[in-house]
There are 2 protein chains.
Amino acid sequence: MGKKVTLKHIAEALGVSTMTVSRALNNRSNVDGKTRERILRKAENMGYTPNRVAKSLVSSKTQTIGVVIPEITHAFFPEVVRGIEEITYQTDYQLILTNANEQFDREKHAIQTLRSQQVDGILISSSLTEKDYSFYESILETGTRLVFFDRCIHGLGASCVHVNDRESSEAITNHLIEEHGYQKIAHFCGPRHVTIGKERYLGYKRALENHGIVINEDWIIESGFKEEGGYNAMQKLLDLPVSARPEAVVCVNDPAAFGAMEAATELGLKIPEDLAITGFSDEIRAPLVSAPLTTVHQPAYEVGKRAAEKLLKIIENEGEPAEDIEIEATLKIRRSCGC
Amino acid sequence: MGKKVTLKHIAEALGVSTMTVSRALNNRSNVDGKTRERILRKAENMGYTPNRVAKSLVSSKTQTIGVVIPEITHAFFPEVVRGIEEITYQTDYQLILTNANEQFDREKHAIQTLRSQQVDGILISSSLTEKDYSFYESILETGTRLVFFDRCIHGLGASCVHVNDRESSEAITNHLIEEHGYQKIAHFCGPRHVTIGKERYLGYKRALENHGIVINEDWIIESGFKEEGGYNAMQKLLDLPVSARPEAVVCVNDPAAFGAMEAATELGLKIPEDLAITGFSDEIRAPLVSAPLTTVHQPAYEVGKRAAEKLLKIIENEGEPAEDIEIEATLKIRRSCGC
DNA sequence: ATAGTAAATGTTAACGATAACATTTTAGCG
DNA sequence: CGCTAAAATGTTATCGTTAACATTTACTAT
């Protein structure tokens, strides 16, 4: 209730200057031991809380970083956030979290707001699905410190942290071909211009090509990253006459795979007997679904940690170079592939 | 790269005063149409971004609210955050998220930092497990606007948003007694001094009492809110001789139930045949585990939304009274109870 | 003592934006 | 044309803190 206590109040109460109070509270040298004592005690019992806003204005440093994610309910992201938190907690940074809800407009708006809040840097997994990077180009030109994670935009000179999407996608596809002998393999892909969408598609493609399998365009369906999309994609796929159906589907991520499973099950298919399905993420539900999901384990926590570490380096060292950080993902074989 | 553009830069470039620029950019009246035009254009192409920090210092309003949660990986909380986001996005507030990791020390630290960041209000689900509320008492005395959600601390004059924990817990226990005829029912409870722990315990107790069942203290084990705790509690329970074991266990939340299930399964029990188990939350995994979990569905999104709405009201209306908002939870009967 | 130096404290200005008040310009009207 | 009211613009001070420089006080060594 009582107005906020400021340095000035303490100074007046003690008959010293605000500067002395400031120095005492910030543990600077050049303050007499006794004065410091008096000030600390007074501050304590007046309930002083430093005003970081004022401090930030002077130092143009807010000890704050912005995090923009596309979808907070996809379990991958909270885990990433935990990794980020791990680092920021130790280094006394605060996180401003924004959920772009898979909408690039919201993402843009979020970034503008974060900039105007003077965050020291931004971690972002982009919802951008177009090939038009001009927004990011202009943001980066202003000197905003940015690290992409997971859904990265390469080639803009910003650092990126992600798993080896292409190799992993290739590996899981190889598994279907080599271990199970499938030749007819579909792909539910993400938007064409999102890195992880593209990379995972390319991995899938390379696996087929390396085994001399011709790609069937009817089997490449854009599902996006959500369950609903996977569900719809599967319905579309199963519109095909039985003879034209694939034996397996490589999905761009776990939620899409769950959606796909649901649709397939509803239409009377058994997984993996009638149709094998794989995912990508290894989120919390993956081992639990009726046909435990064979997927790529993405170390989300690690991704968050590394991205935060990199961003802090960029913030704290002037000349820190951009870097592409690739984290090794691992195959997680369960039953949905037929194993 | 180029230093940040401020009002002053624009003003100088145009030979007007900063005040005029400020007025133009804030859509105030009393600015000539042509001047406004010139200013807007200039601001645009100089890449001006308002500095909210400076604005906040003047207005002592940051358009920012702090959120403190005990555990970001418990799926309930990201869902709550989504609900909060829903409201704050519409009203142009930003979220500063902190994960207290079930540690009250971190929670305290988080709140102090949020206060020094001058957040306009705080939403918190407390990790406090002691009966010592002095920290919150002193925080509230300073006039900090606070709304508790889920894990509330009542009686401090702060608003609370939560589900009807006691009734729901009673209802799910009643279900075990009335529908399944169990008489021997254990409870894995949360810490004694956490509201939801206490309330859910009391609901359990009341159900037994109302049915004239004597409570067996050996069957009340503190598991805490995490899987690990549920796992350990179940191990302890199953140390009892077979004849002294219960027929069912009411767990304080879903993660504890999952842990309990795991331990029971490892020890060769079948669920629900050998032992029925119920949870509380209805998180994303509940329907998926091998014995789909009978639980209480907590509308997390709704909780977040209501809490955020209340906090904004408190922020925006001077005399807004504290309120206890109870949201109806519903039984979600699945198979783990024996159904 | 007494300059000379280090330590302690104080003063002023600044960070960027805006509120409150002050001045100038413009427009309207008899 | 001159006067007034309204509109447009400018000035100053402020928010809370700190950097940079200025002053005072205390202490050392001769």
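Atom-to-atom, CD of Q118(B) to C1' of dG16(D) comes out at 9 Å; the value is rounded to the nearest Å. Taking atom CG of N30(A) as the reference point, atom P of dA19(D) lies 13 Å away to the nearest angstrom. If you take CE of M19(A) and C1' of dA19(D), they are 7 Å apart, rounded to a whole angstrom. In this structure, the NZ atom of K61(A) is 23 Å from the P atom of dG16(D), given to the nearest Å. Q117(B) has its CD atom 22 Å from the P atom of dC15(D), to the nearest Å. Put simply, CG on D32(A) is 13 Å from C1' on dA6(C), counting in whole angstrom units. Separating the CG atom of L7(A) from the P atom of dG10(C) is a distance of 13 Å, rounded to the nearest angstrom. What separates CD of E37(B) from P of dA8(D) is a distance of 14 Å, to the nearest Å.
When heavy atoms are screened at a 4.0 angstrom cut-off, V31(A) is found touching the sugar-phosphate backbone but no base atom. S17(A) comes within 4.0 angstrom of a nucleotide base, judged by non-hydrogen atoms across all strands. Residue V16(A) is classed as a sugar-phosphate contact, given heavy-atom separations below 4.0 Å to backbone atoms only.
Interface remark: the R52(A) side chain does not form any donor-acceptor pair with the dG16(D) base, using a distance-only criterion of under 3.5 Å.
Listed pair N51(A) / dC15(D) fails the phosphate criterion, with no side-chain N or O lying under 4.0 Å from OP1 or OP2. Taking side-chain N and O atoms only, S22(B) has a distance below 4.0 Å to OP1 or OP2 of dT18(C). At dT18(C), one or more side-chain N or O atoms of N26(B) fall inside 4.0 Å of OP1 or OP2 (strictly under the cut-off). Checking the phosphate oxygens (OP1, OP2) of dT18(D), a side-chain nitrogen or oxygen of K55(A) falls inside 4.0 Å.
Listed candidates were dT9(D), dA17(C), dT18(C). Nearest to the side chain of Y48(B) is dA17(C). You'll find that the side chain of T6(B) is closest to dA17(C), out of dA17(C), dA8(D), dT17(D). Candidate nucleotides dT18(C), dT11(C), dG10(D) were compared by shortest atom distance to the side chain of T20(B), and dG10(D) ranks first. Comparing dC15(D), dT9(D), dT9(C) by their nearest atom to the side chain of L57(B) picks out dC15(D). Candidate nucleotides dG16(D), dA17(C), dT9(C) were compared by shortest atom distance to the side chain of A54(B), and dA17(C) ranks first. In this structure, of dA17(C), dG10(C), dA8(C), it is dA8(C) that holds the atom nearest to the side chain of T35(A).
Aromatic ring pairs are classed by plane angle as parallel below 30°, tilted from 30° to 60° and perpendicular above 60°; the pair H74(A) and F76(A) is tilted.
Ion pairing of E102(B) with K226(B) is absent here, as no side-chain N (NZ or NE/NH1/NH2) approaches a carboxylate O to less than 4.0 Å. Salt bridge absent: E320(A) and R145(A) never bring a charged side-chain N and a carboxylate O closer than 4.0 Å. Under 4.0 Å is where a charged nitrogen must lie from a carboxylate oxygen, and between E85(B) and R106(A) at least one such pair does. With salt bridges taken as basic N to acidic carboxylate O contacts below 4.0 Å, one links K61(B) and D120(B).
Comparing R28(B) and R23(A) by the nucleotide of DNA chain C that holds the closest heavy atom to each, the one mapping nearer the 5' end is R23(A). Residues V58(B) and R36(B) both approach DNA chain D. Their nearest nucleotides, taken by heavy-atom distance, put R36(B) toward the 5′ side.
Under the 3.5 Å distance criterion, with hydrogens and angles disregarded, no donor-acceptor pair is assigned to the side chains of D132(B) and H193(B).
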